[in-house]
Amino acid sequence: MSTTGKAMHLAALFPSNQSAGWRDPRSGDHSDFATFTGLARTAERGLFDFFLLADYPRLTEHRGAVSEVGTAGELDQITVLSALSTVTERIGLVPTVNATFNEPFDVARRLASLDHFSNGRSGWNVVTTSNAWTGENFRRGGYLPHADRYQRAAEFVCAARTMWRSRAADGPGLFQHDGPQFRISGHFTVPAGPQGCPPTIQAGDSEQGREFAASHADVVYSRHRGRAGHAFAADIRSRTARQGRGADQVKIMPGVSFALGDTDEEARDNARAAQELAISPQLAICYLERTWGRDLSSHDPDGPLPDTDPERAPDPSEWPGIAAAEARSARAQKWRSYAAQHGLGIRQLVMKLTGGKPFVGTPARVAQQMTDYVRSGGADGFVLVPGYAPGGLDEFVDRVVPELQERGSYRTAYTGETLRDHLGQSTQS
Ligand SMILES: Cc1cc2nc3c(=O)[nH]c(=O)nc-3n(C[C@H](O)[C@H](O)[C@H](O)COP(=O)(O)O)c2cc1C
């Protein structure tokens with residue numbers, strides 16, 4: 001599909017679960033408002049559509065202990081974004097709020113409040129949350145099977161929209177929602193915000209996740225890049241059309257990191273250094289243990305992969321949620337032959353597996369790669385994942401954004417006030 005001349009959409013994500021960016025000496029405290037302010041303001045200076053907060057409502061664990069990835073802290077997002085709404089003016093503010101452990105009334109009220117305070121800049125990244133043990137924080141344990149989570153999420157979004165619309169006309173009208181998951185009615189407490197219904201973003205990859213996106217989302221935040229990203233975009237667009245929605249109504253924005261340099265070689269060195277910082281030797285071993293289902297701490301992180309097969313039946317109390325033995329065994333074999341073929345040790349292999357497909361190069365090269373990807377139909381834009389915060393986006397905004405603008409593939413000023421405006425959508429009431 002040729003989309004020459006089409007302007008891309010950009011967003012910034014914080015924090016990144018994978019990168020353990022807090023270990024970077026340039027990182028600010030993840031509980032310090034200045035860290036959030038610095039990043040959001042830089043993204044706004046770069047004319048980004050929105051600032052997205054990822055949400056991990058339970059610290060990442062490995063074999064019953066908190067993993068080093070999860071120790072930086074996870075503040076409540078709507079609190080953070082409400083505060084940010086007072087120090088930013090145009091950028092969209094998007095919390096990740098899961099539809100599995102929350103209630104529609106509460107979420108609708110908080111998002112409508114954020115929409116008021118931000119003058120129409122709130123959004124909602126609707127996730128279902130994959131970790132069963134997250135539920136233990138909410139006293140429900142492994143709550144709801146996977147497919148039911150999406151049914152609940154779809155109803156959750158419909159119920160929230162019903163509440164928002166009930167206040168679109170003057171005065172408090174009645175809302176009512178009757179479905180298998182929720183039977184709720186009443187008067188919604190918050191007057192309609194500037195956007196009516198804040199835009200929804202979806203992040204989830206399964207069959208049900210994709211259908212949910214095609215039916216309900218304004219943006220899909222995906223993890224697919226390269227050729228897989230093209231296939232993913234085509235799939236989402238055809239599902240969207242089947243739902244009777246226009247292809248442009250759902251923006252596809254893969255998450256992507258980047259490494260810049262004055263030369264391509266310097267950028268490659270920077271990319272390698274960032275990966276080495278993100279994947280510590282211990283983390284590399286932990287990553288492998290999730291497939292082998294046993295203690296691998298005696299293995300040298302720079303040495304070869306274990307030549308024994310994964311544990312067939314690991315103790316579920318120590319290895320909750322681990323994949324079936326056949327799948328782990330096939331994965332182990334694939335990794336072993338890939339590592340042998342490319343001469344990689346454990347840590348190098350894990351860096352390869354977790355590195356994604358970052359944009360790497362001079363600012364001009366990165367701008368061209370991004371432009372080409374969008375023009376060839378692979379995406380409508382990107383959710384950029386800086387390696388650290390608050391300074392990790394500065395170089396991109398200062399050096400890549402002007403290159404994108406020069407190519408005519410990115411806006412040179414905000415043309416609207418609300419997040420819906422930035423996404424190129426009319427306000428829904
Ligand atoms: C790119 C991406 C980002 C995600 N971010 C979060 C997040 O911040 N918090 C969260 O609880 N789940 C997050 N998820 C997980 C989704 O909530 C989803 O529940 C999970 O992927 C299972 O759904 P699926 O089977 O459709 O993929 C993310 C998923 C993707 C693909």
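These figures come from a predicted structure and were not determined experimentally. This chain uses plain numbering: 1 for the first residue, then up along the sequence.
- Annotation: side chain to side chain donor-acceptor pair (under 3.5 Å) contacts involving residues 356-370, sequence neighbours excluded, comprise Asp264-Arg365, Gln368-Asp372, Gln368-Arg407.
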task = Take Met163 and Ile184 through the test side-chain contact (heavy atoms from CB on, under 4.5 Å) and record every step on the way to the result.
result = CA-CA 10 Å; Met163 288 179 221; Ile184 45 180; 3.6 Å; yes
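- Here Thr291 pairs with Arg331 under the side-chain hydrogen bond (donor to acceptor under 3.5 Å, both in side chains) rule; sequence neighbours left out.
- Atom CG of Leu353 sits about 5.5 Å away from atom CH2 of Trp335, to the nearest 0.5 Å.
- Considering CZ of Arg245 and CG of Asp218, their distance stands at 6.0 Å, rounded to 0.5 Å.
- Remark: side-chain polar atoms of Thr100 are paired, donor with acceptor, to backbone N or O of Thr128 under 3.5 angstrom.
- With 3.5 Å as the limit, one finds a donor-acceptor pair spanning the side chains of Gln425 and Arg420.
- Side-chain contact of His9 with Asp49: a donor-acceptor pair under 3.5 Å is present, judged by distance alone.
- By the 30° and 60° cut-offs, the orientation of the rings of Phe258 relative to Phe396 is tilted.
- A donor-acceptor contact under 3.5 angstrom links the side chains of Gln181 and Gln151, judged on distance only.
- Salt bridge annotation for Asp205-Arg210: present, with a cationic side-chain nitrogen under 4.0 angstrom from a carboxylate oxygen.
- Side-chain atoms of Glu155 and His177 form a donor-acceptor pair, as typed in the model, at a separation below 3.5 Å.
- Note on Asp262 versus Arg399: salt bridge recorded, some NZ/NE/NH1/NH2 to OD/OE distance being below 4.0 Å.
- No more than 12 heavy atoms of other residues, nucleotides or ligands lie within 6.0 Å of CD in Glu89, so this atom counts as exposed by the packing criterion.
- Side-chain atoms of Thr88 and Arg121 include a donor-acceptor pair closer than 3.5 Å.
- Proximity of the aromatic rings of His216 and Trp124 is defined here by a centroid distance below 6.0 angstrom, and this criterion is not met.
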inquiry  = Run the salt bridge (charged side-chain N to carboxylate O under 4.0 Å, His left out) test on Asp76 and Arg110 for me, step by step, so that the C-alpha distance in whole Å, both residues' side-chain angles and the decisive distance to 0.1 Å come before the verdict.
reply    = CA-CA 12 Å; Asp76 173 65; Arg110 294 164 74 208; 3.2 Å; yes
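- Between the side chains of Asp421 and Thr418, a donor-acceptor pair is found at a separation under 3.5 Å.
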message = For His146 and Asp148: C-alpha separation, side-chain torsions, deciding distance, then whether side-chain contact (heavy atoms from CB on, under 4.5 Å) applies.
response = CA-CA 6 Å; His146 184 276; Asp148 292 352; over 6 Å; no
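- Note that the CG atom of Leu283 and the CE atom of Met351 stand 11.5 Å from one another [nearest 0.5 Å].
- Proximity of Phe175 to His187: side-chain heavy atoms (C-beta onward) are nowhere separated by under 4.5 Å.
- Separation of atoms OH (Tyr410) and OG1 (Thr371) is listed at 12.0 Å; rounding is to 0.5 Å.
- Using modelled atom types, one finds no donor on one side chain facing an acceptor on the other under 3.5 Å when comparing Asp55 with Thr96.
- Sparse packing is recorded around CD of Glu265, with 12 or fewer heavy atoms of other residues, nucleotides or ligands lying under 6.0 Å away.
- Taking the six-membered ring where tryptophan is involved, the planes of Phe382 and Tyr373 are tilted, since the angle between them lies from 30° to 60°.
- A side-chain donor from one of Thr200 and Arg161 sits under 3.5 Å from a side-chain acceptor of the other.
- Under the rule for a ring pair (Phe, Tyr, Trp, His ring centres under 6.0 Å), the partners of Tyr414 that lie at least two apart in sequence or sit in another chain are His422.
- Here the closest non-hydrogen pair linking Ala99 and Arg152 is O-NE, 2.8 Å.
- Between Arg239 and Glu207, at least one side-chain N (NZ, or NE/NH1/NH2) sits under 4.0 Å from a carboxylate O, which counts as a salt bridge.
- The aromatic rings of Phe212 and Tyr150 sit tilted relative to each other, their planes meeting at an angle between 30° and 60°.
- Taking the charged nitrogens against the carboxylate oxygens, Arg90 and Glu44 have no contact shorter than 4.0 Å, which rules out a salt bridge.
- For the atom pair Phe50 CZ and Tyr221 OH, the distance stands at 9.5 Å (nearest 0.5 Å).
- Looking at Gln77, its side chain does come within 3.5 Å of a backbone N or O of Ala54 through a donor-acceptor pair.
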key: Pair Glu211-Arg242, side-chain contact (heavy atoms from CB on, under 4.5 Å): steps then yes or no   = CA-CA 10 Å; Glu211 277 303 303; Arg242 277 204 300 278; 4.1 Å; yes
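- The distance from the CZ atom of Phe117 to the CD1 atom of Ile78 is 12.5 Å, given to the nearest 0.5 Å.
- In terms of heavy atoms, Gly196 sits closest to Trp164 at O-CB, 3.6 Å.
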